[in-house]
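Please see the structure below; I have some questions.
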Amino acid sequence: MSGGDYLAAAYLVFLLVILVYVAIIGLKLARLDRDLTSLVEFARRRSETASPTQEEREESRVG
Amino acid sequence: VLAAALLGTAVGLVFFFAPVDADQGISQKIFYIHVPCALTAYACFAWGAWKAYVHLWKRTPGADMESYVAIHQGVIFGALTLLTGSIWAKASWGHWWVWSSRQLVLFLVLFLFYAAYFMLRSSIEPGPARANLSAVYAIFGVALIPVSFLAIRLAEDFVHPVVFKRSGPAMTGSMFLTFCVAWAGVLALAAAFYHVELAGKRLDARVRELRELLR
């Protein structure tokens with residue numbers, strides 16, 4: 001291998017490590033996004049089942 | 001954006017502006033990525049130790065997490081230093097690694113010391129005890145930085161080149177400018193990664209908290 005090959009190898013290793021790090025961070029952020037979406041769905045379902053509907057609230061106010 | 005601009009400029013300067021070294025030839029240009037990575041790793045470890053000290057001294061919330069992320073960045077740039085240095089060593093000395101060189105071994109010890117930091121953290125349950133022990137460990141590790149840095153100057157084997165001397169940098173003005181731009185680029189990259197990773201960790205902690213609250 002020549003000096004130029006070693007030079008290219010060193011810069012490629014740098015680029016590769018940076019890309020792997022960015023990919024790992026991207027995967028973690030995607031997982032967080034999924035977790036957050038499922039939590040929002042869960043909270044929405046729970047609030048729908050727990051809180052009375054508009055009609056029920058009006059009925060209780062009249063009655 | 002700043003990191004990308006600085007690194008792009010640095011690569012342009014390395015290949016089209018900085019002269020080829022008369023002694024080592026084109027492989028000397030590895031210097032422009034190897035030394036900035038090493039200095040950035042030192043800076044990250046020092047920042048991690050500072051945040052660990054802040055955690056122990058002021059009990060600032062989040063300082064433990066900041067220390068952890070800084071040390072993580074330091075290990076990444078330390079690994080890059082070892083990898084690029086090994087390639088440069090093969091090109092210049094004909095060997096991937098020289099065990100007789102104290103400064104190489106000391107940098108490896110520093111790297112392994114901080115790599116063990118993650119083993120320590122993962123072996124303790126999350127909480128104040130883990131944060132305190134990790135902080136003490138991070139502060140002890142920072143003592144290795146001046147030893148590693150000075151070893152390059154005090155070493156007797158003269159295998160590892162000394163570029164920055166008391167009389168100034170032993171390189172031409174164009175080489176020094178290229179080095180400064182490359183170092184600024186690597187530092188900006190480390191800072192960007194630090195903030196992104198920290199934001200991710202904080203978000204993760206809040207999602208966990210939210211999950212606990214919704215149970």
Side-chain angles (χ1 to χ4, degrees), chain A, chain B residues 3-4 7 10-11 14-15 20-21 24-34 36-37 72-73 75-77 79-92 94 96 182 185-186 189-190 192-193 196-215:
Chain A
M1 279 175 82
S2 68
D5 294 335
Y6 285 114
L7 177 67
Y11 280 78
L12 280 175
V13 161
F14 178 81
L15 185 67
L16 195 71
V17 170
I18 297 302
L19 286 177
V20 166
Y21 177 81
V22 170
I24 290 169
I25 290 290
L27 287 172
K28 281 185 176 175
L29 287 178
R31 182 182 56 78
L32 270 174
D33 186 46
R34 279 197 304 273
D35 285 357
L36 207 55
T37 308
S38 69
L39 279 174
V40 168
E41 280 297 313
F42 176 73
R44 189 175 291 150
R45 275 200 307 272
R46 207 167 76 162
S47 70
E48 279 171 3
T49 53
S51 65
T53 61
Q54 187 68 26
E55 287 173 6
E56 283 169 344
R57 269 185 296 220
E58 282 174 9
E59 276 173 20
S60 64
R61 209 179 294 153
V62 171
Chain B
L7 283 173
V11 169
V14 167
F15 290 102
V20 175
D21 187 69
Q24 293 189 47
I26 199 165
S27 65
Q28 180 272 340
K29 286 175 187 267
I30 297 172
F31 163 82
Y32 301 112
I33 203 75
H34 171 68
C37 281
H72 190 221
Q73 295 302 316
V75 167
I76 290 167
F77 284 95
L80 277 169
T81 305
L82 290 170
L83 287 168
T84 55
S86 192
I87 293 168
W88 194 10
K90 180 67 180 169
S92 294
W96 294 105
V186 174
L189 186 70
F193 284 171
V196 169
E197 191 175 333
L198 198 58
K201 293 276 178 202
R202 283 177 180 153
L203 191 61
D204 190 38
R206 282 176 195 152
V207 166
R208 279 170 205 265
E209 201 179 327
L210 186 62
R211 191 179 291 133
E212 290 297 319
L213 287 171
L214 284 171
R215 266 183 193 169

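Proteins come first, then strands; the chains are lettered A, B, ... in the order of their sequence lines, and each starts at number 1.
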For a 4.5 angstrom cut-off between non-hydrogen side-chain atoms, does B/Phe193 reach A/Ile18? yes
Report the distance from atom CG of A/Leu32 to atom NZ of B/Lys201, rounding to the nearest 0.5 Å. 9.5 Å
N-O pairing of A/Asp35 and B/Arg211 below 4.0 Å: yes
Chain A contact via B/Val207 - side chain, backbone, both or neither, heavy atoms under 4.5 Å: both
Using a 4.5 Å cut-off on heavy atoms from C-beta on, say whether the side chain of B/Gln28 contacts that of A/Leu7. no
Can you find a pair of side-chain heavy atoms, one from B/Gln73 and one from A/Tyr21, that are under 4.5 Å apart? yes
A/Phe14 portion near chain B, given a 4.5 angstrom heavy-atom threshold: both
Need one label for A/Leu29: side chain, backbone, both or neither, based on atoms under 4.5 Å from any heavy atom in chain B. side chain
Straight-line distance of A/Leu39 CG to B/Leu214 CG, nearest 0.5 Å: 6.0 Å
Counting only heavy atoms closer than 4.5 Å, note whether B/Leu80 contacts chain A via side chain, backbone, both or neither. side chain
Go through B/Phe15 and A/Tyr11 one step at a time and tell me if the ring pair (Phe, Tyr, Trp, His ring centres under 6.0 Å) criterion holds. CA-CA 11 Å; B/Phe15 290 102; A/Tyr11 280 78; 5.5 Å; yes
With rounding to the nearest 0.5 Å, note down the distance linking CD in B/Glu197 to CD1 in A/Ile24. 10.0 Å
Using 0.5 Å steps for rounding, measure from the CG atom of B/Asp204 to the NZ atom of A/Lys28. 8.5 Å
If you count every heavy atom of other residues, nucleotides or ligands that lies below 6.0 Å from A/Arg31 atom CZ, does the total exceed 12? yes
